[in-house]
Amino acid sequence: MKYLYIVVCTFTFIAIESIAADSLEDISKTILKKHPEILSLESELISRKSDSVHKSTYPDPKIGIAYRSYPYSKDGRFENSSTRNTSMAGIEYSFSQEIPFPGKISSERTLGNLTAIEFEHYTKMQKNRFLKDFYILLLKLHITENKIKWNSSILNTLVSIEKVAKANYSAGKIPYIDVVKNKINITITKDKEIELNQTKNSIVASLKYYTDPIGEKTDRITQINFLNFLKEKKNKIELENLQSVKKFLKKNPVLLFSEASIQKSKAEEKVTQFSHLPETEVFFAYMKRKDQKFAVDQGPLEYRIMDQTEYRGDLMSFGLTMRVPVWSLLTRSALNEREEEKVKMSVSETKKREIELETNFTNFISQYQGADKQLKLHDEILIPQLQQAQIAQNTSLGKISDISGSLQLKMDLYNSHLTREDLLEKKYTSLISIFELTDYLLPENSPTHNHNGEHQ
């Protein structure tokens, strides 16, 4: 019955850990779908994609209506009588259509598409940064909680050492300065306890920025074993095969954003060239003239009806106008130079980011491997040695000095665990940064490689 209980507990623990990892993956997806910061980026992306579609449309035609050549008296009244109208009075209806230079619309459409693609990579880059900050907060919370427990153990041990020190001082075996030093260590440890609790409260408050908008309770997230989640995610990539992992740097949104910026700058340069080319507009107009059966001579000598000898019917006109780039050509070289330099700047920025990515990748891999080696040293050599020394010391207990030595070994053991927590933070912070560089942070980008894993 005892063994059955152990087996059930073991499988229950494994199931809980698996569910926890899946839950955090689901929480990450929910945050990316519902958080206002991400939603604003998605809305901007949709806006830019829609704008790129709009840029591919032909210019709208222009229609107009005008009352032409109606007499106007000095008292501010229009003269609309048939005898007062001029021969050119009438209503004119007009239609005009701008005809872009061949290739201009397609170039603007290409620029709009590239602008949308560039912002799409920027959105993905911000999502990676967003999740990285979220995961690092979870990691820091996990590490801080462990540090609080180990710091509490150190404080309890120091209190025990203080009692032994007082006894040794009363027996005249140690000077009073040793008692004072221990009191100082207790005060320092209490100060550390306050600092760690403040750090924890600050992290929990920061986590609410991610959890509150999606209606998720921070307490539930903090109960998830975050290190297990990272280890499961890490086991899907061949981290020891650097060349295999390094090739995924080319998928980094920062690099893709820079490459899209180059293409966008080239497209802007091409669109700018059309500002130096003629623009044409065709027009057609029809004027329905005011009906006038006869004209009256209103000369100074007599008034009489005159015969009409000119054409009195409706009129039409058509033609085209063209914008001729005369003055803009004077500054063409400056405008071309500006666009060329923008392309060069984008190319240089891309090369800089490639170097940064490779440098940061090498740096984070080095930090990860170094911290992992130190953890192995702690787990396989240092901590076992301290535990063995403590056991050996406990077997020879009998004197107050032996008790003091045993407590000091316990202090060393707890301090080694504190150092181990720092190493864990360094290792998994580097791992999260590697995930970001290789574009593995986003849930939909989870790799399919298998790996046997290594030391926690």
Side-chain angles (χ1 to χ4, degrees), residues 13 15-41 126-156 186-234 364 367-368 371 375 414-415 417-436 440-443 456:
F13 176 77
I16 290 174
E17 292 299 334
S18 176
I19 293 172
D22 293 337
S23 298
L24 188 55
E25 192 83 3
D26 293 337
I27 289 171
S28 300
K29 292 179 181 179
T30 304
I31 289 176
L32 292 176
K33 287 180 180 178
K34 296 184 178 180
H35 198 280
E37 182 176 336
I38 304 302
L39 288 178
S40 65
L41 290 171
Q126 292 303 311
K127 286 181 178 180
N128 270 324
R129 188 268 311 160
F130 184 85
L131 270 188
K132 177 185 176 182
D133 294 343
F134 175 56
Y135 287 165
I136 286 180
L137 278 176
L138 290 177
L139 174 63
K140 287 182 178 294
L141 180 62
H142 177 86
I143 297 298
T144 302
E145 287 178 338
N146 287 343
K147 283 184 175 181
I148 289 173
K149 289 188 291 186
W150 291 118
N151 192 76
S152 178
S153 298
I154 290 174
L155 183 59
N156 292 334
I186 290 175
T187 303
I188 293 173
T189 306
K190 287 181 178 179
D191 179 70
K192 184 69 174 178
E193 183 180 36
I194 295 173
E195 180 186 351
L196 289 171
N197 281 308
Q198 287 178 339
T199 301
K200 178 183 176 180
N201 293 336
S202 176
I203 294 173
V204 171
S206 298
L207 280 173
K208 290 183 178 180
Y209 173 76
Y210 299 89
T211 58
D212 284 0
I214 65 170
E216 186 66 53
K217 293 183 178 180
T218 306
D219 294 341
R220 177 172 173 264
I221 296 180
T222 56
Q223 292 173 0
I224 296 174
N225 192 326
F226 185 61
L227 292 189
N228 279 354
F229 168 76
L230 290 179
K231 284 189 288 184
E232 287 183 15
K233 202 171 182 67
K234 182 263 168 195
F364 289 132
Q367 290 182 18
Y368 176 86
L375 282 169
Y414 293 154
N415 280 316
H417 278 289
L418 272 179
T419 304
R420 184 180 183 277
E421 295 300 327
D422 289 331
L423 293 173
L424 278 175
E425 182 177 3
K426 181 180 179 181
K427 174 182 176 179
Y428 285 106
T429 299
S430 300
L431 183 62
I432 293 172
S433 298
I434 292 171
F435 286 158
E436 182 194 23
Y440 281 167
L441 274 183
L442 298 181
Q456 182 185 342

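The basis for the numbers below is simple: all heavy atoms, side chains too, and nothing from hydrogens, waters or symmetry mates.
- Side-chain polar atoms of S430 and Q367 form a donor-acceptor pair below 3.5 angstrom.
- With a 4.5 Å cut-off on side-chain heavy atoms, S152 and I148 do not count as touching.
- Summarising the geometry, atom NZ belonging to K233 is positioned 9.0 Å from atom CG belonging to L24; distances are rounded to the nearest 0.5 Å.
- Side chain to side chain, Q223 and R220 fail the donor-acceptor criterion of an N or O pair below 3.5 Å.
- Counting non-hydrogen atoms of other residues, nucleotides and ligands closer than 6.0 Å to NZ of K140 gives a total of 12 or fewer.
- Within the 4.5 Å cutoff, the side chain of E216 has no heavy atoms near those of the Y210 side chain.
- With salt bridges taken as basic N to acidic carboxylate O contacts below 4.0 Å, none links K426 and D422.
- Between the OG1 atom of T211 and the CD1 atom of I31 there is a distance of 7.5 Å, given to the nearest 0.5 Å.
- Using a 4.0 Å cut-off between a side-chain N of Lys or Arg and a carboxylate O of Asp or Glu, K147 and E421 do not qualify as a salt bridge.
- For residues 190-203, no pair satisfies side chain to side chain donor-acceptor pair (under 3.5 Å), with sequence neighbours left out.
- The side chain to side chain donor-acceptor pair (under 3.5 Å) search around T189 returns none, not counting sequence neighbours.
- The OG1 atom of T144 sits 4.0 Å away from the CD1 atom of I203 when rounded to the nearest 0.5 Å.
- H35 pairs by the ring-ring contact (aromatic ring centres under 6.0 Å, His included) definition with F130, Y209, not counting sequence neighbours.
- In this structure, CH2 in W150 is found 8.5 Å from CZ in R420, a value given to the nearest 0.5 Å.
- Residues K132 and S433 meet the side-chain proximity criterion, which asks for heavy atoms closer than 4.5 Å.
- In this structure, I432 CD1 and N128 CG are separated by 12.5 Å, a value rounded to the nearest 0.5 Å.
- Centroid-to-centroid, the aromatic rings of F226 and Y135 come within less than 6.0 Å.
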*Candidate pair L139 and T429, rule side chain to side chain contact (heavy atoms under 4.5 Å, CB included), full reasoning*: CA-CA 8 Å; L139 174 63; T429 299; 3.4 Å; yes

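- Rounding to the nearest 0.5 Å gives a distance of 9.5 Å between CG of L141 and CG of N146.
- With contacts defined as side-chain heavy-atom distances shorter than 4.5 Å, the pair Y428/K231 qualifies.
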